[in-house]
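Chain A is the first sequence line, chain B the second, and so forth, proteins listed ahead of strands; every chain is numbered from 1. A quick note: this is a predicted structure, and the numbers were derived from the prediction, not measured.
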There are 2 protein chains.
Amino acid sequence: MKRPKEIKPAFTEARCAQHLSATEDAIYVIGGKWTLRIVIAVMSGHHRFNDLQRTINGISARVLSSELKDLELNGLVERVVLVDQKPVVTEYLPTDYTRTLREVISALAIWGEKHKKKITNRE
Amino acid sequence: MKRPKEIKPAFTEARCAQHLSATEDAIYVIGGKWTLRIVIAVMSGHHRFNDLQRTINGISARVLSSELKDLELNGLVERVVLVDQKPVVTEYLPTDYTRTLREVISALAIWGEKHKKKITNRE
DNA sequence: AATAGTAGTAAACAATAGGTTAGCGGTAAC
DNA sequence: GTTACCGCTAACCTATTGTTTACTACTATT
């Protein structure tokens, strides 16, 4: 017997538990303040340290450095040092795994735009 | 003249800036450790304080309380006190705006599952 | 009368994230 | 020679976040 005249949930009980666990894992990896922004910048062609720092507004070298190390550990960027270049150049490149985040980023970006409109309209 | 033989970016430069700004806004609102998990639980039919605390593994009353206040301010839950009930009952209900997060949650949940499989397989 | 649940709040504290400043070794341009 | 860019790193500090414990006021059950 199911609750007779109540709001029907947007997610079933099973989906709830599943979603709770899965989003917990996802947020653990990509939920940081900077993580996805770095990923977006790398996917957009910004591969160098200082280029990334310039592109991502407000990030400090210290934080960028430690975030890049985490991302590398998780396989979300690949760090490549080009030794044969005149000044040795370090590049952070997207991987196949990075590209699996495209739908997540798109969904977030779409929602973020809607939310911005909502906020700016009401004030 | 565009870079001749390089990896072509997954996002264009314009999309990059757009995505950076929009996801920044989105993460500001829903990027917290608990935010989306509470939203999922509320959308799944868990409407009461203690029910939420039981459902969301590891959250303390203090944090749940303050997160619910934030969510209410952002219009992502509605706090309803049922005064006519024998013991006064407080409910946290999803709103229309909450439901705009469905795609975001789905995308995150799908990615989180994939990521979990990836991690458990390699160890 | 005692216990337990409901919906929290207060206080005190610990942990983590993030920011600021400074600097290093190298190259290259002025 | 001095300045500046590159890719960082160390030390230090602050702010946010989260934890624990205890407690409130009320109701219902045993």
Measure the distance from NZ on A:K69 to P on D:dG7 and round it to the nearest whole Å.
-> 15 Å
For A:L82 and C:dT27, what is the distance between atoms CG and C1' respectively, to the nearest whole Å?
-> 16 Å
Whole angstrom value for the distance that separates P of D:dG7 from CD of A:Q53 | 11 Å
Could you tell me whether the phosphate oxygens of D:dT9, OP1 or OP2, come under 4.0 Å of any side-chain nitrogen or oxygen in A:S65?
-> yes
Footprint string (nucleotides 17-22 of chain C, 5' to 3'): B base within contact, S backbone only, - free, heavy atoms under 4.0 Å = -BBB--
Between C:dT6 (C1') and B:R79 (CZ): distance, integer Å | 12 Å
Show every donor-acceptor pair shorter than 3.5 Å between a side-chain atom in residues 57-73 of chain A and any protein atom, with sequence neighbours excluded, or say none if there are none.
| from | atom 1 | to | atom 2 | distance (Å) |
| --- | --- | --- | --- | --- |
| A:S60 | OG | A:V63 | N | 3.4 |
| A:S66 | OG | A:V63 | O | 3.3 |
| A:E67 | OE1 | A:T35 | OG1 | 3.4 |

Hits for salt bridge (Lys or Arg N to Asp or Glu O under 4.0 Å) against A:D96, two or more places apart or cross-chain, chain-then-number order -> A:R99
Is any side-chain heavy atom of B:V39 less than 4.5 Å from a side-chain heavy atom of B:L101?
-> yes
What residues form a side chain to side chain donor-acceptor pair (under 3.5 Å) with A:R79, not counting sequence neighbours?
-> A:Y92
Does A:K116 have any salt bridge (Lys or Arg N to Asp or Glu O under 4.0 Å) partners at least two apart in sequence or in another chain, and if so, which?
-> B:D25
Nearest whole angstrom, please: distance from the P of D:dG18 to the CD1 of A:I27.
-> 11 Å
When rounded to whole Å, the CD1 to C1' distance for the pair B:I38 and D:dG18 reads 13 Å
Distance-only check: which donor-acceptor pairs under 3.5 Å involve side-chain atoms of residues 103-115 of chain A, not counting sequence neighbours?
| from | atom 1 | to | atom 2 | distance (Å) |
| --- | --- | --- | --- | --- |
| A:S106 | OG | A:R102 | O | 3.1 |
| A:W111 | NE1 | B:T100 | OG1 | 3.0 |
| A:H115 | ND1 | B:Y97 | OH | 2.5 |

Nucleotide C:dA7, atom C1' - distance to CG of B:L68 in whole Å | 11 Å
Please confirm whether the backbone N or O of B:L76 pairs with a side-chain atom of B:T98, one donor and one acceptor, at under 3.5 Å?
-> yes
Check whether any side-chain nitrogen or oxygen of A:Y92 sits under 4.0 Å from OP1 or OP2 of D:dC8, and answer yes or no.
-> yes
Tabulated below should be each protein N or O lying under 3.5 Å from an N or O of nucleotides 4-6 of chain D; please produce it.
| from | atom 1 | to | atom 2 | distance (Å) |
| --- | --- | --- | --- | --- |
| D:dC6 | OP2 | A:N50 | ND2 | 3.3 |
| D:dC6 | OP2 | A:R54 | NH2 | 3.3 |

Could you state the NE2-C1' distance from B:H47 to C:dG8, rounded to the nearest angstrom?
-> 19 Å
Who passes side chain to side chain contact (heavy atoms under 4.5 Å, CB included) against B:V89, sequence neighbours left out?
-> B:R48, B:L82, B:Q85, B:E91
Side chain to side chain donor-acceptor pair (under 3.5 Å) with A:E24: which residues, sequence neighbours excluded?
-> B:R37
